[in-house]
Chemist: 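Take this structure first; my questions come after.
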Amino acid sequence: MVSKPAAQKTGELVLPGERLGVIEEFVPDTGTFVKDGVIYSKLVGRALLDSATRRVSVHPVGRGVLVPEVGSTVLGQVSSVQPENASVRIFQLGDRELQGIFMGVLHISDVHLRYVDSMFEVCKAGDVIRAKVISEKNQVYHLFTKDKDLGVVYAFCSDCGAVLESKRQNMHCPRCGRIERRKTAFDYGKGLT
Ligand SMILES: [Zn+2]
């Protein structure tokens, strides 16, 4: 196969395993994976190189490819938390597991009907949350958890890693007794669909 530089692949159809560039040149993003410093496509899709950020991504095309959409209910794992937002790696759409990497952002204003002081009271890295997609821009899914069926469905103790139990307003660690806070879904701890 003739390998063109990734910069020329923008908009081109690429196949799973197709080489897109190297990590010295580009930042791997949605729809890609890295092996031995080389960035490859994970999907059948269109390659996109953002020349400003050097991010290379692949966006699925065609029917039957499962992708979150505005209005979808998704499950994701919180990857990082800042005072006003949390990053979430979306892994499930409805009850179907997603192929590829889909990143979501939950902003503090979309968490709860009441005022929320800090995202650190909402979720922590490692938690699993159920959320609704309210918008999508540049492959970043903006999430919403204001409904009572939305929010954290599994949370882990910051100290010992045990699954927290939901008790009234607080989350309680059955192993070490630590008390934490979360914005939970009403069926917290009951399953992943
Ligand atoms: Zn604990």
Side-chain angles (χ1 to χ4, degrees), residues 23 27-35 42 55 57 66-137 139-193:
I23 55 171
V27 181
D29 205 341
T30 314
T32 69
F33 69 94
V34 176
K35 199 179 169 202
K42 237 183 185 177
R55 285 180 182 279
S57 52
L66 206 55
V67 177
E69 287 171 358
V70 173
S72 299
T73 299
V74 296
L75 280 176
Q77 187 164 38
V78 177
S79 51
S80 67
V81 181
Q82 279 89 42
E84 297 210 318
N85 58 66
S87 300
V88 177
R89 178 174 283 213
I90 300 166
F91 63 82
Q92 195 170 303
L93 174 61
D95 58 1
R96 294 176 66 190
E97 197 179 319
L98 290 163
Q99 304 295 315
I101 296 169
F102 300 94
M103 288 309 296
V105 171
L106 176 62
H107 187 264
I108 196 160
S109 61
D110 296 318
V111 168
H112 214 297
L113 291 171
R114 63 169 176 75
Y115 173 77
V116 180
D117 236 10
S118 158
M119 277 311 271
F120 300 113
E121 294 187 354
V122 172
C123 58
K124 293 221 166 116
D127 289 354
V128 177
I129 71 164
R130 187 192 296 122
K132 193 167 266 185
V133 175
I134 49 171
S135 73
E136 190 252 303
K137 202 181 175 192
Q139 294 288 299
V140 176
Y141 296 90
H142 292 267
L143 305 175
F144 169 98
T145 60
K146 283 185 181 175
D147 298 338
K148 67 184 170 73
D149 61 329
L150 304 175
V152 174
V153 292
Y154 277 99
F156 303 92
C157 175
S158 305
D159 270 354
C160 75
V163 175
L164 296 174
E165 290 171 356
S166 178
K167 285 192 178 170
R168 291 182 289 275
Q169 299 299 319
N170 289 318
M171 307 297 290
H172 175 257
C173 177
R175 195 191 287 164
C176 73
R178 189 181 162 89
I179 305 287
E180 300 195 9
R181 299 199 59 182
R182 296 292 195 279
K183 192 290 182 187
T184 52
F186 78 94
D187 59 346
Y188 173 88
K190 302 246 159 53
L192 284 184
T193 51

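Counting starts at 1 for both ligands and their atoms, in listed order.
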Chemist: Closest heavy-atom contact between Ala155 and Arg182?
Modeler: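 What the structure gives for the nearest pair is CB-NE, 3.4 Å.
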
Chemist: When rounded to the nearest 0.5 angstrom, what is the spacing between CD in Glu165 and CG in Asn170?
Modeler: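 Here the interatomic distance stands at 13.0 Å.
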
Chemist: Determine, step by step, whether Val88 and Val74 satisfy the side-chain contact (heavy atoms from CB on, under 4.5 Å) criterion, reporting the C-alpha distance in whole Å, the side-chain angles of both residues, the deciding distance to 0.1 Å, and the verdict.
Modeler: CA-CA 10 Å; Val88 177; Val74 296; over 6 Å; no

Chemist: Is any side-chain heavy atom of Pro28 less than 4.5 Å from a side-chain heavy atom of Phe33?
Modeler: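 The answer is no, as the side chains (C-beta and beyond) never meet within the 4.5 Å cut-off.
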
Chemist: Please step through side-chain contact (heavy atoms from CB on, under 4.5 Å) for the pair Met171 and Arg181, ending with a clear verdict.
Modeler: CA-CA 6 Å; Met171 307 297 290; Arg181 299 199 59 182; 5.8 Å; no

Chemist: Would you call the rings of Phe102 and Tyr141 parallel, tilted or perpendicular if under 30° counts as parallel and over 60° as perpendicular?
Modeler: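 Plane angle over 60°, so perpendicular.
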
Chemist: Could you count the protein N, O or S atoms found under 2.8 Å away from the Zn ion (ligand 1)?
Modeler: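 N, O or S atoms of the protein closer than 2.8 Å: 4.
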
